[in-house]
Protein chains: 2
Amino acid sequence: MANIYDVAKAAGVSPATVSRALNGGSVSPERAARVQAACEELGFRPNRVARGLRRQRSDVLALIISDIENPFFTALARGVEDVARASNLSVVLCNADDNPEKEAEYLDVALAEHMAGVVIFPASVTETDVTALLDRGVPVVAVDRAPESAAIDTVTADDENGAYAATRHLLDEGYRRIACITGSRGSAAAMERLRGFLRAHREGDAPRRRPRVAYADFRVRGGYQAMNDLLDLPEPPDAVLVTNNLMASGALEALHGRGLRPPGIGLASFGDTHWSHLVEPALTTVHQPAYEIGRSAAELLLQRREAPDTAPQRLILPTRLEVRGSSRRAADSSPPPARKVETRVSHPETGPRQWARLGRPDAAADSATAAGSAAR
Amino acid sequence: MANIYDVAKAAGVSPATVSRALNGGSVSPERAARVQAACEELGFRPNRVARGLRRQRSDVLALIISDIENPFFTALARGVEDVARASNLSVVLCNADDNPEKEAEYLDVALAEHMAGVVIFPASVTETDVTALLDRGVPVVAVDRAPESAAIDTVTADDENGAYAATRHLLDEGYRRIACITGSRGSAAAMERLRGFLRAHREGDAPRRRPRVAYADFRVRGGYQAMNDLLDLPEPPDAVLVTNNLMASGALEALHGRGLRPPGIGLASFGDTHWSHLVEPALTTVHQPAYEIGRSAAELLLQRREAPDTAPQRLILPTRLEVRGSSRRAADSSPPPARKVETRVSHPETGPRQWARLGRPDAAADSATAAGSAAR
DNA sequence: CTGTTAGCGCCTTCAG
DNA sequence: CTGAAGGCGCTAACAG
């Protein structure tokens, strides 16, 4: 494979000139053309490894996620990629599988390869350690939960308000014994969602009884198990909020297994799925703006590349409740409508300045909730 | 960040000794211990970029796929990763998005980074060009379809027999006007599946009429559109085979939109989904061994690293028909059974030697079909 | 077994 | 605007 010396020789110039011609240095048009021709002639591809060694920086960005099978991450990845590509960065995905060891390995790779930056969904708030990256000047942005090891830019969905809106909606529909299936206590998202669920119960017309909470693991089997446990209670719930799409799938299976079906028992879940509108009745969900989270994370990363020493930012993007049949008690016995009716119920927003920076100036209107949740 | 010279100094040895100690060269135990201690002391991480430049080879492997949102690829990715990790290779995922340009970019990255190897699901049989990689000695394995640009190792599912088995099953259930929604003519997989579909129709008791075929694009919208087109025909089909999971989702939506539901109209689809057993009735599918395909592809890649000059292999892994309610005409009006009943109908196998190599010696029994399809 | 040395391919000073 | 030269960090060849 041809290297820069071969090209220089073929073009009758010095290697430095070739380098300049390729990287936008000042070169006379005539020489630039000769270099160009020689490159094509020889099929020259600059060796990124050598370039990386010299420049101490690559143009590949790592996205480390915890479960490639979760649609949330795939949407997230698209967001990251779209922004990165606009800045001529490539994105590689690393599937840490919720395993801190695997994650550490990929962090190591990112470090040792001097990657341009890392967007990470930390496998663990406590164990995930990104300080080595930061020490070496590799910018890191966290999605969903911030690792304790360092203060870094973070982007999350407004989980608390999303859960609140969904629970509020179930209450409004007349459900009275609402349970929540959430993730492990170690997950910040799980706790946020639980918090919103509980807040809705503390309000005026909510039932006095302490709502049931089942802790599972954000996986299909966990949701299945948790739902069965809830149904086995002496006083089983009449509606359930599931805080993750995979668990929702398991929960639905558990219902089917007992011949139960929404909205007889109300069901609402977090996260988007490819199947939420394929099941009957369609599943009410709290939409997480995964793509936007990805975009924002990548944008923060690019900003930080430029200005490494500014204070870390915390971005909270709004969620949106998509009401469908599984939680519409009124629709209980009537045939499903021909078209989906989707209602936007909740639109908490983050602060206007953040939005402006993200190119969403339209959202500057209501920021009361935002201040509250952003400060949390 | 500490480099190898710092470590050498701290340990009182030469950099070469440090390198040897780290990479399994022969070093006296006493010095090895000093090096070890110095590494920890300084938090030394070998710089992979420098190592890559020197060794002209990295230990990162690229998996280039065309649609990260398709569960087929996520399962595939797990297969690749599991094998790679066993050989101390990291895997990065590149989402080419079915876009030959993006794909070319990632191929470029893989080349310029001297990656250890590439597993690719080619975006296009004609446009995808991997010769540059091969020229530079980077092994490439294709999944599903082999690019025309070079003869390389390939792993595919036995699409033809899978489609045959599904169609056969629909015929056996008594459906008589079976249509097929398949991918574009440019896709080898789409054509293979169509071929199996048509073969089933040529047999003894099959209806004489020429079966309907709709060509779509392997995406949700395409399936939706195609199903609607089929239903608008003067003589609409009484069953449909959809050759991809995303299109199946669209097709199902189209049925729902018209108040139709399986098995009144029979439905079977290719590919696994997270929702095939959540819809009612559950969806009959042709299971693609995505995980195994990934494993095999990675194994071929490792083999080729060792022996670059052996002849390219072509591996065809068996598919499996999972019969569920959507194609069971008898179950038409009876309530859904409490537990899933899954029937394995078809088990065409590839040749015994291939299986043996893949650690599946149990499959050596029937290979009549295998020889036929492997030679294709 | 160990140390010295050269060079992987590129970019980026520094002179001119 | 151009060329010469050094070095990024590591490892493989060679000599001891």
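So you know, we letter chains A, B, ... as the sequences are listed, proteins then strands, and number each from 1.
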Does any N or O in the side chain of A:S149 come within less than 3.5 Å of the main-chain N or O of A:T128, such that one atom is a donor and the other an acceptor?
->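 Flag set: sc A:S149 to bb A:T128 pair under 3.5 Å.
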Taking the side chain as C-beta and beyond, is there a heavy-atom pair between [X] and [Y] under 4.5 Å?
X      : Y      : answer
B:L302 : B:L89  : yes
A:L22  : A:V7   : no
B:R45  : A:L111 : yes

Check each residue of residues 25-41 of chain B for a non-hydrogen atom within less than 4.0 Å of any atom in DNA chain C, then write out the ones that pass by number, or none.
->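 Those residues are B:S26, B:V27, B:S28, B:R31.
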Salt-bridge contact A:D59-A:R48 (side-chain N to carboxylate O under 4.0 Å) =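 So A:D59 pairs with A:R48 through a salt bridge.
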Test side chain to side chain donor-acceptor pair (under 3.5 Å) applied to B:T154 - qualifying residues, sequence neighbours left out |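 Not a single residue meets the side chain to side chain donor-acceptor pair (under 3.5 Å) criterion with B:T154.
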Side chains of A:E299 and A:Q303: is there a donor and an acceptor less than 3.5 Å apart?
->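 Absent: no donor and acceptor within the cut-off.
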Give the B/S/- string for nucleotides 6-16 of chain D, one per nucleotide from 5' to 3', where a protein heavy atom under 4.0 Å of the base yields B, of only the sugar-phosphate yields S, and otherwise -.
-> BBBBBBBB---
What do you reckon, is CD of A:E101 surrounded by more than 12 foreign heavy atoms closer than 6.0 Å?
->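 No, the 6.0 Å shell around CD holds no more than 12 heavy atoms from other groups.
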Within the structure, does a side-chain N or O atom of A:T17 lie under 4.0 Å from either OP1 or OP2 of D:dG3?
->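 It does, given that an N or O in the side chain of A:T17 lies less than 4.0 Å from OP1 or OP2 of D:dG3.
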